[in-house]
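In what follows, every heavy atom counts, from backbone to side chain, and hydrogens, waters and symmetry copies are set aside. Naming convention: chains lettered A, B, ... in sequence-line order (proteins, then strands); numbering from 1 in each chain.
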Amino acid sequence: MTYLEELLVTACDQLFSISVQPQLSRPGEQFGDFASNVALQLAKELGQPPRQVAEQLKDYLDANKDSSIAKIEIAGPGFLNFSFNDVTLWQTASAKFKKSMTGQKVLLEYSNPNAFKELHTGHLYQTIVGDSIGRLLEASGAEVYRANFGGDVGLHVARCMWGILQKLGGPELTKLTTVSPEDQAAWISQAYVAGAKADQEGSTAAAEIKQLNQAVYGFHTNDDHESPLAQIYWQCRDWSYSYFKRFYEDLEVAPFDKFYPESTTTEAGLALVKANLGSVFTESQGAVVFKGEEYGVHTRVFITSAGLPTYETKDLGVIASENTDFDYTKRVVMTGNDQSEYMRVVFAALMQFDEALAAKQMHITNGTVRFGDGQKMSSRLGNVTRAAEVIEVVQKAVEADNPALRRQISLGAIKYAFLKQRLGGDIAFDVHESVSLQGNSGPYLQYAQARAQSILKKAVALSDLQNPEFTDGERSLVRKLSEHNSVVEQAVSDLAPHLITTYLYELAQVFNRFYENNRVIGDDRQDLRLTLVSKYAATLKSGLELLNIPAPDKI
RNA sequence: GUACCCGUAGCUCAGCUGGAUAGAGCGUUGGCUUGCGGAGCCAAAGGUCGUAGGUUCGAAUCCUAUCGGGUACACCA
């Protein structure tokens, strides 16, 4: 608890013998540095008008506060507004971030692409947002494990295998070598499209695909790496994983600690379902189901009447496997929001036989990425769903001669555009807006950071300030800087990177306002101001780091 | 039919654990320009917070109903 909070608790106790949990807010600048609404909350209990309660509190606080609080005012319906003295405000702005999650082990599962399929915008979004959430947790001291769960068996794989066989003209392993490494991803994608199309159209193809599906499961259960078809499967599966690896490297995101191909989770999942058959899971129409209605969710099949595990069972398997591997205190899984009801069923089932493990589960969701400029859908981007295409289009839209810089700005543009929106709903993505150098965009902040660096290059800043006294303009900047730690704290507890983007953008605006009216280099107050600029630049940079957005010092 | 998510300025979004005059960006209109990086700053116009009730001293925020959009509901993943 901060000094101010303690003071309020004492005041309420002494004056009214009421114990309160004071909630301090950061009000608009005209109201001071911190505000409390305790008087409003206590008014009813005390049977007094709020302002009268506030008067009593103010008198007590004025008499008992130390010098760190310069001013207490009553405003509006009965708010208590506090202003710090400049030294305390600067100390608040300079305070080290408190690592509140030290000792926690968080398993983050996101991105989750299926092998044998192409990465689309949903993967791009999750990769970027999941990466940032991981950084936020790490910044607060948590150990973070990144997991990636994807389908390497199932109908989609069988369809792709069918397409592959068409392209090869049969199980001709040697022909695979004719596909060059940079074409592998596209080649597999073509095969999948062909297979999916054939599956819908032709009955003979559909039957063949069904057989291939069984065969693929067989490669795993029989540990078959020898038969020609199996070799093709394993080879193309490797291609998929190296394609994913390149994708993550290109985005410069943290690597995954472990991949969980679906095939590796069935055993653990089946074991759990079978162990709880009769109690949690019941047989119905030849299948094994979880009757969710009793628990406020719906019924789902965990093992099909053909004896095959469904995704539900594999999900139980991955939950348990990850727990065994990393011994996590909390697991956060991100999926599209069409899975939210589904996930509730899985968690509800888990709750029935492993309450402790179920309690560690958390599900966050995202909507679909929409393209356009608001007026109309861009004809060029109207139907884009491929991740690679989005990156390509953004790179083309960035105006920079230097290829390395172009890359950094492109990454900044895409990441920021995704991160600035609250998790959960659909994501609006406008290429023009994302690369724009003005407005709430990644490149704007990158520029702001570079501009601050260029000021700092002209003279050396003091490392700290002793008993500073600020002008109004300086104080506004310091005040905004002082909000940083609590914003990051909130972003961590909410798993909400967009709180960081909003703050950084506001900070840059406050700085620009300051800089417009306050000369730094050559001014009488150069030393002090340079220290503020230095603090501002460091804050921007560390904020961009949490978002994993490159912050070049020169643009 | 049942459940979940969403509905805030022309457009795209913040704000939602109840609090002060509902905020940004883009777009529109006007101003600042011999500039430490103007990729900026200042200002104006623009809102029945989907609608109707309710709870409360106080509701964009909580509850109920309703309309509109999306999604999920038995052997796909």
Side-chain angles (χ1 to χ4, degrees), chain A residues 23 25 27-28 30-31 35 37 40-41 43-44 49-50 75-79 81 112 114 117 150-151 153-157 262 284-293 296-312 314-315 336-345 365 367-368 370 372-376 417 420-422 424-430 432-433 436-441 443-444 446-448 450-455 457-459 494 498-499 501-502 505-506 508-509 511-523 526 529-530 533 554-555:
Chain A
Q23 288 182 347
S25 58
Q30 72 273 30
F31 297 125
N37 62 359
L40 295 162
Q41 289 170 333
K44 190 170 190 183
F79 287 98
N81 292 328
N112 295 356
N114 283 332
K117 280 180 99 169
V153 288
L155 194 61
H156 77 276
V157 178
E262 230 173 86
S284 170
Q285 299 170 33
V288 176
V289 307
F290 172 69
K291 294 239 164 94
E293 280 73 13
V297 294
H298 62 265
T299 293
R300 296 196 75 99
V301 172
F302 279 66
I303 302 175
T304 69
S305 49
L308 290 174
T310 59
Y311 197 66
E312 287 77 342
K314 295 167 191 167
D315 236 320
N337 52 18
D338 54 347
Q339 311 262 302
S340 54
E341 296 291 280
Y342 157 81
M343 204 60 85
R344 284 180 62 202
V345 179
T365 64
T368 52
R370 298 192 324 261
D373 56 8
Q375 298 296 331
K376 55 179 166 37
K420 77 174 178 179
Q421 293 180 66
R422 186 181 47 172
D426 284 353
I427 304 107
F429 184 78
D430 179 48
H432 175 72
E433 198 180 294
S436 171
L437 300 159
Q438 56 231 52
N440 190 0
S441 75
Y444 170 91
Q446 289 176 316
Y447 176 78
R451 190 188 187 198
Q453 291 299 336
S454 90
I455 299 165
K457 255 183 263 163
K458 294 175 195 295
D494 291 0
H498 81 279
L499 296 178
T501 63
T502 304
Y505 183 64
E506 286 169 2
Q509 282 182 313
F511 177 80
N512 283 334
R513 226 163 278 156
F514 160 80
Y515 195 59
E516 188 78 9
N517 303 310
N518 297 276
R519 172 157 280 275
V520 175
I521 303 299
D523 192 90
Q526 169 175 318
R529 288 181 179 170
L530 216 44
V533 175
K554 225 175 136 184
I555 287 189

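- Whole-Å rounding puts the Asp426(A) CG to C6(B) P distance at 11 Å.
- Going from the P atom of C57(B) to that of G15(B) covers 28 Å, rounded to whole Å.
- Per the geometry, CG belonging to Leu499(A) stands 17 Å off P belonging to C13(B), to the nearest Å.
- One N or O on the side chain of Asn114(A) and one on the backbone of Gly151(A) form a donor-acceptor pair closer than 3.5 Å.
- Helical stems in RNA chain B, defined as runs of 3 or more consecutive Watson-Crick or G-U wobble pairs with both donor-acceptor distances under 3.5 Å, are listed by first residue as B:1-7 with B:67-73, B:10-13 with B:23-26, B:28-32 with B:40-44, B:50-54 with B:62-66.
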* Verdict with supporting geometry, Val345(A) and His298(A), side chain to side chain contact (heavy atoms under 4.5 Å, CB included) -> CA-CA 7 Å; Val345(A) 179; His298(A) 62 265; 3.7 Å; yes
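- Ala35(A) comes within 4.0 angstrom of a nucleotide base, judged by non-hydrogen atoms across all strands.
- Using a 4.0 Å heavy-atom distance criterion, His432(A) is classed as making no nucleic acid contact.
- One N or O donor and one acceptor, one from the side chain of Asn81(A) and one from the base of A20(B), sit under 3.5 Å apart.
- At a threshold of 4.0 angstrom between heavy atoms, the contacts of Asp315(A) with the nucleic acid are absent.
- Ser441(A) meets the side chain to side chain contact (heavy atoms under 4.5 Å, CB included) test with Pro443(A), Tyr444(A); sequence neighbours excluded.
- For the C1' atoms, the distance linking U29(B) with G69(B) amounts to 34 Å, nearest Å.
- Backbone-only engagement by Tyr505(A) is indicated by non-hydrogen atom pairs under 4.0 Å involving sugar-phosphate atoms exclusively.
- Taking side-chain N and O atoms only, Gln30(A) has no distance below 4.0 Å to OP1 or OP2 of A20(B).
- Looking at Gln339(A), its side chain comes within 3.5 Å of the base of A77(B) through a donor and an acceptor atom.
- One N or O on the side chain of Gln421(A) and one on the backbone of Ala428(A) form a donor-acceptor pair closer than 3.5 Å.
- The base of A39(B) has none of its N or O atoms less than 3.5 Å from a complementary donor or acceptor on the side chain of Ser436(A).
- Judged by ring centres under 5.5 Å apart and planes tilted less than 30 degrees, Phe79(A) stacks against the six-membered base ring of A20(B).
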* To do: Start with the C-alpha gap between Asp315(A) and Met343(A), add the side-chain angles, then the distance that decides, and say whether side chain to side chain contact (heavy atoms under 4.5 Å, CB included) holds.
  => CA-CA 9 Å; Asp315(A) 236 320; Met343(A) 204 60 85; 4.2 Å; yes
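- The shortest distance between the side-chain N/O atoms of Arg513(A) and the OP1/OP2 oxygens of C42(B) is below 4.0 Å.
- Residue Asn114(A) is in sugar-phosphate contact alone, with no base atom involved, counting any heavy-atom pair closer than 4.0 Å across all strands shown.
- Taking atom CD1 of Ile303(A) as the reference point, atom P of A77(B) lies 13 Å away to the nearest angstrom.
- Side-chain N or O atoms of Asp426(A) include one that pairs as donor or acceptor with a backbone N or O of Thr368(A) at under 3.5 Å.
- Between the Arg422(A) side chain and the His498(A) main chain, no donor and acceptor come within less than 3.5 Å of each other.
- Remark: the separation of the P atoms in U61(B) and G7(B) is 11 Å, to the nearest Å.
- Asp338(A) places its CG atom 11 Å from the C1' atom of C5(B), with the value rounded to the nearest Å.
- Comparing A43(B) with G25(B), their P atoms sit 11 Å apart, to the nearest whole Å.
- Comparing the P positions of C49(B) and C11(B) gives a spacing of 16 Å, expressed to the nearest Å.
- At a cut-off of 3.5 angstrom, the base of C75(B) holds at least one donor-acceptor pair with the side chain of Ser305(A).
- Between the C1' atom of U12(B) and the CZ atom of Phe429(A) lies a distance of 13 Å, rounded to the nearest Å.
- Across all strands, His156(A) comes closer than 4.0 Å to no nucleic acid atom at all (heavy-atom distances).
- One finds a side-chain N or O of Lys44(A) lying less than 4.0 angstrom from the OP1 or OP2 phosphate oxygen of C57(B).
- A45(B) and G30(B) are spaced 11 Å apart, taking the C1' atom of each and rounding to whole Å.
- Looking only at distances, no side-chain donor or acceptor of Thr365(A) sits under 3.5 Å from a matching main-chain atom of Gly336(A).
- Between Arg422(A) and the phosphate of G15(B), there is a side-chain N or O to OP1/OP2 separation shorter than 4.0 Å.
- Counting non-hydrogen atoms under 4.0 angstrom, Ala428(A) reaches the backbone sugars and phosphates but no base.
- Only the C1' atoms considered, G23(B) is 14 Å distant from C16(B), to the nearest whole Å.
- Residues passing the side-chain hydrogen bond (donor to acceptor under 3.5 Å, both in side chains) test with Tyr311(A), sequence neighbours excluded: none.
- Both thresholds, 5.5 Å between centres and 30° between ring planes, are not jointly met by Tyr447(A) relative to the base of G37(B), so the two rings are not stacked.
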